[in-house]
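Here, residue 1 is the first one in the sequence, and each next residue gets the next number.
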Amino acid sequence: VVLEADVCSKKGRFGFSVDVDGNVIVVGASNVKDVTGAVYVYRRNDTMWVKEAKFESSKEMDRFGRDVSVRQDRIAVASKGSVTLYDFVPTSKSWMQAGVSIVNEECASSEYWFGYSIALVGTSGLLIGCPSGNNSVGTVRYFTRDPSTGEYIEQQIVSPFDQTVARFGSRISVDTDDENVVAISTEEKRKGSVFLFTLVEDKWVEAARIRSPDDGITSFGGDIAVS
């Protein structure tokens, strides 16, 4: 099966970011409309994948769709300096924006901005990478959703024990079998490392570090997945 955008040139970067959960695939095209960006949602219907929704940004150079994440009935979309959430509404069988976007100006102007990487966790959690935060050591912000208001509240600034690394939070991956385990990668003098964190009493705790096995590898951790 080949998924294609309705209107998206090669420069639109359709497929720059992708995530899948069950019968739903979310595809980012961060360069559509002069780098404004767009996100496409597909749902499997028997043997066919049907486009269910398209999200767009109205902000120029927003890079909307730089990263995407889908879990159950939630979708998160990253853009430059912000993250927008969407909920699936069963009664109308449509996706609706969930409140206002989460914004952080700490590293919005950097090449490695807030929202450079994202991952939804369980039914209410959200991890947002900010690789330029903390003087370029990098941080990951952990949010949970208030069930009464629907607002996402920051609970923790996640960072590694080793504060000499660079761009922690460049990639985030949640274990598909155990959502209490997450992998977070970094660029350490272009070699890279991957850190494993576990959720203990609602706090992410560093559990292990995987270093590049070969000094010749320059982008170790450039993409990661946990299962």
Side-chain angles (χ1 to χ4, degrees), residues 1-45 48-121 124-132 141 143 145 149-152 169-172 223:
V1 176
V2 178
L3 301 179
E4 296 180 341
D6 45 7
V7 179
C8 186
S9 68
K10 291 181 179 180
K11 293 182 180 180
R13 291 189 177 182
F14 178 79
F16 185 83
S17 58
V18 180
D19 197 20
V20 59
D21 186 48
N23 292 322
V24 177
I25 293 177
V26 181
V27 182
S30 59
N31 277 25
V32 167
K33 293 184 178 180
D34 298 324
V35 202
T36 296
V39 169
Y40 300 81
V41 182
Y42 299 85
R43 187 178 295 271
R44 182 165 53 191
N45 184 0
M48 301 289 292
W49 287 91
V50 180
K51 191 181 80 171
E52 184 171 72
K54 179 181 178 181
F55 311 142
E56 294 181 285
S57 172
S58 59
K59 187 178 178 181
E60 292 184 0
M61 301 296 292
D62 199 28
R63 295 190 182 274
F64 183 78
R66 166 64 182 78
D67 200 8
V68 295
S69 181
V70 56
R71 285 294 180 276
Q72 301 177 23
D73 290 338
R74 296 190 299 147
I75 290 175
V77 179
S79 54
K80 193 171 184 179
S82 68
V83 176
T84 305
L85 283 300
Y86 298 85
D87 290 331
F88 184 72
V89 183
T91 53
S92 61
K93 295 183 179 180
S94 61
W95 293 90
M96 301 292 291
Q97 184 172 334
V100 298
S101 299
I102 302 172
V103 178
N104 186 301
E105 298 297 333
E106 179 184 358
C107 53
S109 61
S110 168
E111 180 184 356
Y112 295 90
W113 56 78
F114 175 83
Y116 192 81
S117 58
I118 55 175
L120 290 166
V121 184
S124 64
L126 171 65
L127 292 162
I128 303 177
C130 181
S132 289
R141 307 299 182 100
F143 295 77
R145 191 176 195 176
T149 65
E151 182 181 0
Y152 283 82
S170 293
R171 293 290 184 272
I172 305 172
D223 205 358

[X] versus [Y], closest heavy-atom pair with distance:
X	Y	result
F64	S79	CA-CB, 3.7 Å
G115	A78	O-CB, 3.0 Å
F55	A53	CE2-CB, 3.9 Å

Measuring from [X]:[atom1] to [Y]:[atom2], what's the distance to the nearest 0.5 Å?
X	Y	atom1	atom2	result
R141	L127	CZ	CG	12.0 Å
E151	I102	CD	CD1	9.0 Å
R63	W113	CZ	CH2	5.0 Å
D73	D87	CG	CG	8.0 Å
W95	E52	CH2	CD	6.5 Å
S94	Y86	OG	OH	12.5 Å

With side chains defined as the heavy atoms from C-beta onward, is the minimum distance between [X] and [Y] less than 4.5 Å?
X	Y	result
N104	I128	no
Y116	R171	yes
Q97	T84	yes
R43	V24	yes
F143	V83	no

Without swapping roles, check the side chain of [X] against the backbone of [Y] for a donor-acceptor pair under 3.5 Å.
X	Y	answer
D19	V70	yes
S101	V103	no
R145	G150	yes
D21	Q72	yes
R74	V121	yes
S69	L120	yes

**Prompt:** With sequence neighbours excluded, what pairs up with S17 under the side chain to side chain contact (heavy atoms under 4.5 Å, CB included) test?
**Reply:** D67, V68
**Request:** Determine, using ring centers only, whether F14 and Y40 are less than 6.0 Å apart.
**Result:**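 For Y40 and F14, the ring centres are under 6.0 Å apart.
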